Chemist: 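I'd like to ask some things about the structure below.
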2 protein chains.
Amino acid sequence: MNQATESSMTEEFMLRCRAHGLKITPQRLAIFKALAGSKEHPSADGVYRKLIAQNPTISFDTVNRTLLTFAEIGIIETVESHSGVRRFDTDLMSHHHLHCVQCGKIIDFTDETLDKVPVPEKAIGNFTVLGKRMVVSGICESCRKKHA
Amino acid sequence: MNQATESSMTEEFMLRCRAHGLKITPQRLAIFKALAGSKEHPSADGVYRKLIAQNPTISFDTVNRTLLTFAEIGIIETVESHSGVRRFDTDLMSHHHLHCVQCGKIIDFTDETLDKVPVPEKAIGNFTVLGKRMVVSGICESCRKKHA
DNA sequence: GTTACTGCAAAGGCTTTGCAGTCTG
DNA sequence: CAGACTGCAAAGCCTTTGCAGTAAC
């Protein structure tokens, strides 16, 4: 990601915070920057460990609470976690998921045709749509080999 | 659900168990029957409490382990839980989800057009598909009113 | 100056693990 | 009869909650 893109994303982030009445703190900025451009599905602990190198004073609780807050305003999402640990989807671009029901792994994929599928208006009623994705569940290649 | 449908579903269930090398036990049958036809998103504890009325000797651990086992063989699924508790989707029919990012509620909806959307073969590679669904994230009506 | 956020710590709750006994095939 | 499953209990881990101090607006 180049400088211009990063700063514009940061500005958009700040606007979004203000729109929701959230204050902009150094911690929130640091967490946002750690997530931007990432395509993983980290747990709160994973994000925390990524941050402490650059931000030794940040606490795990702040990271965890901030991630939940971000999820509430639609900046990130929580994913269909099958382990006992909550995981976040920090990829802000539109994408879809392959979800292995055996190992729990989530594999991202993109597909422009799926992106264009409209959300059926009559089905959603008064629901305010923030995003959509296709979740394909099944068995990944390594699990299939393992149990073959 | 009528008798014929229930017994055929049970037979299909038993076949699926055998196909995966799972033994058919009274507990597994009871749990399967408790799930069939349900359209909720219960936690393991919720399923357990539903069962103990009819099956006083069943243990929570068996219920929990069985649900995980069922999820592994694709009989049920785990859903994008945003609370700390794992929830299962026990509706075996094809359906889609509205997911409120604020209260975590998941609302089922059906849409035949979405059902027919093909999974892009080139994107999934060697992934064995068991099912697919659209997950629409956003804000439900009651949450929107609450924060308005 | 007010309101919201952070950091620390403890409490709480769900999930996992191990094992002996029992049951399925 | 062998392998798998159940039930019980304890251990483990993540998440939540409360509060005082601090920072954003």
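Keep in mind that what you see is a predicted model, and the values were worked out from it rather than measured. Order of the sequence lines sets the chain letters (A, B, ...), proteins ahead of strands, with each chain counted from 1.
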Chemist: Is a donor on one side and an acceptor on the other found under 3.5 Å between the side chain of B:R144 and the backbone of A:N126?
Modeler: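 Yes: the side chain of B:R144 pairs with the backbone of A:N126.
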
Chemist: Taking only heavy atoms on the protein side, list every residue of residues 45-60 of chain B lying under 4.0 Å from any atom of DNA chain D, sorted numerically.
Modeler: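 Result for residues 45-60 of chain B: B:T57, B:I58, B:S59, sorted by number.
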
Chemist: May I have the distance from B:F88 (atom CZ) to C:dT15 (atom C1'), rounded to whole angstrom?
Modeler: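 Checked: the CZ to C1' distance equals 11 Å.
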
Chemist: With A:N55, which residues qualify under side-chain hydrogen bond (donor to acceptor under 3.5 Å, both in side chains), at least two apart?
Modeler: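 In terms of side-chain hydrogen bond (donor to acceptor under 3.5 Å, both in side chains), with neighbours along the sequence ignored, A:N55 is linked to no residue.
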
Chemist: Hey, is CD on A:E141 packed in by over 12 heavy atoms from elsewhere, all under 6.0 Å?
Modeler: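 Atom CD in A:E141 is packed in, count exceeds 12.
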
Chemist: With a cut-off of less than 4.0 Å, is there a side-chain N or O of B:Q27 near OP1 or OP2 of D:dG7?
Modeler: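 So the side chain of B:Q27 is within the cut-off, an N or O lying under 4.0 Å from OP1 or OP2 of D:dG7.
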
Chemist: What's the CD1-P distance between A:I73 and C:dC5, to the nearest Å?
Modeler: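 For the pair A:I73 CD1 and C:dC5 P, the rounded distance is 11 Å.
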
Chemist: Spell out protein contact along nucleotides 17-24 of chain C as letters: B when the base is contacted, S when just the sugar-phosphate is, - when no protein heavy atom is under 4.0 Å; keep the 5' to 3' order.
Modeler: BB-----B

Chemist: For A:R87 and D:dT15, what is the distance between atoms CZ and P respectively, to the nearest whole Å?
Modeler: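 Distance check: A:R87 CZ to D:dT15 P gives 9 Å.
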
Chemist: Let me know the distance between NE2 of B:H20 and C1' of D:dC5, rounded to the nearest Å.
Modeler: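 Taking NE2 of B:H20 and C1' of D:dC5, I get 18 Å after rounding.
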
Chemist: May I have the distance from B:M14 (atom CE) to C:dG25 (atom C1'), rounded to whole angstrom?
Modeler: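 My rounded result for the distance is 12 Å.
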
Chemist: Please state how far atom CG in B:N64 lies from atom C1' in D:dA9, giving the value in whole angstrom units.
Modeler: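 To the nearest whole Å, that distance equals 15 Å.
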
Chemist: For C:dT16, does OP1 or OP2 lie under 4.0 Å from any side-chain N or O of B:R86?
Modeler: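 Result: yes.
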
Chemist: Identify each donor-acceptor pair in which a side-chain atom of residues 107-119 of chain B lies under 3.5 Å from a protein atom, sequence neighbours left out, and give them as a table.
Modeler:
{"from": "B:D108", "atom 1": "OD1", "to": "B:H41", "atom 2": "NE2", "distance (Å)": "2.9"}
{"from": "B:D108", "atom 1": "OD1", "to": "B:H97", "atom 2": "NE2", "distance (Å)": "3.2"}
{"from": "B:D111", "atom 1": "OD2", "to": "B:T113", "atom 2": "N", "distance (Å)": "3.1"}
{"from": "B:D111", "atom 1": "OD2", "to": "B:L114", "atom 2": "N", "distance (Å)": "2.8"}
{"from": "B:D115", "atom 1": "OD1", "to": "B:S94", "atom 2": "OG", "distance (Å)": "3.1"}
{"from": "B:D115", "atom 1": "OD1", "to": "B:H96", "atom 2": "NE2", "distance (Å)": "2.7"}

Chemist: Between A:V63 and A:L51, is any pair of side-chain heavy atoms under 4.5 Å apart?
Modeler: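 A:V63 vs A:L51: side chains touch.
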
Chemist: Quick one: A:L68 CG to D:dC14 P, roughly how many Å, whole number?
Modeler: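 Rounded to whole Å, this separation is 15 Å.
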
Chemist: Verify whether one side chain among B:T69 and B:T66 offers a donor that lies under 3.5 Å from an acceptor in the other.
Modeler: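 There is no such pair between these side chains.
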
Chemist: Below 3.5 Å, can you tabulate the donor-acceptor pairs from side chains in residues 18-32 of chain A to any protein atom, sequence neighbours excluded?
Modeler:
{"from": "A:T25", "atom 1": "OG1", "to": "A:R28", "atom 2": "N", "distance (Å)": "3.2"}
{"from": "A:R28", "atom 1": "NH1", "to": "A:K23", "atom 2": "O", "distance (Å)": "2.7"}

Chemist: Take the protein atom CD of A:E72 and the nucleotide atom P of C:dC5, then report the distance between them rounded to whole Å.
Modeler: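 About 11 Å, once rounded to whole Å.
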
Chemist: Excluding sequence neighbours, so at least two apart, what forms side-chain hydrogen bond (donor to acceptor under 3.5 Å, both in side chains) with A:S43?
Modeler: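 With neighbours one apart ignored, the set is empty.
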
Chemist: For the side chain of A:R28, starting at C-beta, report the closest nucleotide among D:dT6, C:dC5, C:dG7.
Modeler: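 Output: C:dC5.
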
Chemist: Using the rule given for side-chain hydrogen bond (donor to acceptor under 3.5 Å, both in side chains), can you reason through A:S59 versus A:T62, listing the C-alpha separation, both sets of side-chain angles and the distance that settles it, and then say yes or no?
Modeler: CA-CA 5 Å; A:S59 77; A:T62 299; 3.0 Å; yes

